[in-house]
Amino acid sequence: MANSHNVTEFIFLGLSHNQEVQRVCFVIFLPLYMAIVVGNFLVVITVMTSRSLGSPMYFFLSYLSFVEICYSSTTAPKLISDLLTDQKSISLWGCLTQLFFFHFLGGTEMFLLTMMAYDRYVAICKPLNYTTIMTQQVCAILVGIAWLGGFVHSFAQILLTFHLPFCGPNVIDHYFCDVLPLLNLACSDTFLIGLLIVANGGTLSVISFVVLLVSYVVILLHLRNQSSEGRLKALSTCVSHITVVVLFFGPLVFIYLRPSATLTVDKIVAVFYTMVTPLLNPVIYTLRNSEFKNAMKKLWVRTMRPDDGWG
């Protein structure tokens with residue numbers, strides 16, 4: 001950064017100025033974050049230790065849960081600790097680091113959801129070729145592409161933000177560092193950079209969402225030719241994924257496809273996709289899945305009676 005960038009730290013205004021509201025939020029968000037970590041960690045452990053959950057669908061689900069833990073951890077611990085302090089500050093480099101990992105993990109999750117839709121498409125529309133198409137090597141490559149895609153997306157965001165001049169003020173009307181609040185603090189014309197950020201973030205979200213919608217339209221059209229039992233079985237696995245997709249992409253499209261502005265509703269939406277959605281995902285995927293619930297029961301039994309072995 002240039003020497004004229006004399007801002008070395010940013011001050012968050014947080015969710016509220018009211019101390020009582022902050023204490024209530026602390027009581028809510030701390031157990032919420034713990035539930036996110038425990039719930040998603042249980043999904044990862046269950047998939048890793050269960051022989052019955054060896055299909056590509058569960059392979060992708062375990063990575064999705066791992067990403068959810070990391071994604072929520074980029075903002076939640078800082079938010080929770082700031083609720084107990086009067087001075088909510090973060091260094092310039094800490095802000096940029098948070099920005100990078102937030103978009104890196106968010107972009108990775110976006111691509112993972114797309115890969116999971118492709119997995120459902122192959123399983124339903126090409127069932128006879130499913131095992132030959134979705135091999136372990138192919139699944140590993142798809143997960144690698146998701147991580148790489150998230151990195152490229154985040155690198156572009158941080159590259160655009162890194163060269164912005166911050167000369168003051170340094171107060172961010174939010175509870176974490178994101179590109180749109182930082183644009184409001186830059187002491188230069190950010191119109192072009194704002195367009196590039198929207199093109200990178202918002203357009204990518206919309207394109208991914210459209211691809212997901214098209215894939216499920218194809219799946220639904222294909223299901224018309226199947227029996228009622230076959231349709232219900234296929235839809236049971238698709239409904240959970242569609243619900244997660246809507247919960248993830250809806251808030252992102254709302255945030256990143258609007259003019260750069262910081263509104264109270266933005267904070268509420270941000271809390272939803274950083275705290276609520278990561279908790280709902282493991283619940284949505286497991287409650288409707290009898291196979292996964294049985295695997296979790298077996299894991300619980302093995303944990304309580306380790307002498308019985310892991311068979």
Side-chain angles (χ1 to χ4, degrees), residues 40 42-71 105-153 204 207-227 229-249 281-282 284-296 298-299:
N40 283 284
L42 280 176
V43 172
V44 175
I45 293 299
T46 303
V47 174
M48 289 178 60
T49 58
S50 177
R51 296 175 182 175
S52 62
L53 303 180
S55 68
M57 179 178 71
Y58 297 113
F59 174 79
F60 289 123
L61 177 58
S62 65
Y63 272 95
L64 179 66
S65 293
F66 174 72
V67 171
E68 290 285 24
I69 295 173
C70 300
Y71 178 66
L105 295 164
T108 302
E109 181 172 352
M110 188 186 307
F111 286 109
L112 271 176
L113 289 172
T114 306
M115 304 304 180
M116 293 174 74
Y118 174 71
D119 171 70
R120 291 299 84 205
Y121 163 76
V122 177
I124 295 172
C125 299
K126 301 179 183 296
L128 298 179
N129 299 323
Y130 181 65
T131 55
T132 57
I133 294 175
M134 300 301 294
T135 62
Q136 289 186 348
Q137 183 178 10
V138 169
C139 292
I141 291 174
L142 291 176
V143 169
I145 291 174
W147 285 106
L148 180 61
F151 177 82
V152 172
H153 160 69
L204 180 61
I207 291 175
S208 299
F209 189 56
V210 170
V211 169
L212 287 163
L213 286 179
V214 170
S215 66
Y216 275 104
V217 168
V218 173
I219 290 173
L220 292 175
L221 291 175
H222 180 80
L223 289 176
R224 291 187 307 173
N225 302 322
Q226 294 191 12
S227 63
E229 184 180 353
R231 283 198 298 268
L232 289 175
K233 184 177 180 180
L235 285 174
S236 65
T237 61
C238 293
V239 168
S240 298
H241 187 253
I242 293 174
T243 304
V244 170
V245 166
V246 172
L247 289 174
F248 180 78
F249 282 94
N281 285 356
I284 291 170
Y285 275 114
T286 57
L287 284 184
R288 295 174 56 88
N289 192 315
S290 58
E291 189 177 22
F292 197 95
K293 286 189 289 186
N294 290 333
M296 291 193 74
K298 292 179 180 178
L299 175 63

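- Pairing each heavy atom of Ile242 with each of Tyr216, the nearest pair is CD1-CD2, 3.8 Å.
- Looking at Thr135, its side chain never comes within 3.5 Å of a backbone N or O of Thr132 through a donor-acceptor pair.
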CA sep, side-chain torsions, deciding dist, call: Tyr118, Ile133, side chain to side chain contact (heavy atoms under 4.5 Å, CB included): CA-CA 11 Å; Tyr118 174 71; Ile133 294 175; 3.8 Å; yes
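- Between Thr108 and Phe151 the shortest side-chain heavy-atom distance does not fall below 4.5 Å.
- The minimum heavy-atom distance between Ile219 and Ala117, with the atom names listed, is CD1-O, 4.5 Å.
- When every heavy atom of Glu291 is checked against every heavy atom of Ser52, the shortest pair comes out as OE2-O, 3.1 Å.
- Under a cut-off of 6.0 angstrom, the local environment of OH in Tyr130 is crowded, with over 12 non-hydrogen atoms contributed by other residues, nucleotides or ligands.
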Going through the checks in order, is the side chain to side chain contact (heavy atoms under 4.5 Å, CB included) test met by Val245 and Leu213? CA-CA 9 Å; Val245 166; Leu213 286 179; over 6 Å; no
Check the pair Trp147 / Leu105 against side chain to side chain contact (heavy atoms under 4.5 Å, CB included), numbers first and verdict last. CA-CA 8 Å; Trp147 285 106; Leu105 295 164; 4.0 Å; yes
Could you go step by step and tell me if Phe292 and Leu53 meet the side chain to side chain contact (heavy atoms under 4.5 Å, CB included) rule? CA-CA 7 Å; Phe292 197 95; Leu53 303 180; 3.7 Å; yes
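- With values rounded to the nearest 0.5 angstrom, Phe59 atom CZ is found 11.5 Å from Met115 atom CE.
- Listed here is the closest heavy atom pair of Leu142 and Phe60: CD1-CZ, 3.9 Å.
- For the atom pair Ser208 OG and His153 NE2, the distance stands at 9.5 Å (nearest 0.5 Å).
- To the nearest 0.5 Å, atoms CG (Leu113) and CG (Asn281) are separated by 7.5 Å.
- Between Val211 and Thr114 there is a side-chain heavy-atom pair separated by less than 4.5 Å.
- Once rounded to the nearest 0.5 Å, the distance linking CZ of Arg120 with CG of Leu212 reads 13.5 Å.
- At distances below 3.5 Å, not a single donor-acceptor pair connects side-chain atoms of Ser65 with backbone N or O atoms of Ser62.
- Atom OG of Ser50 and atom CE of Met296 lie 10.5 Å apart (nearest 0.5 Å).
- Taking a 6.0 Å sphere around OH of Tyr63, one finds it holds 12 or fewer heavy atoms contributed by other residues, nucleotides or ligands.
- Here CG of Asp119 is found 4.5 Å from CE of Met134. Values are rounded to the nearest 0.5 Å.
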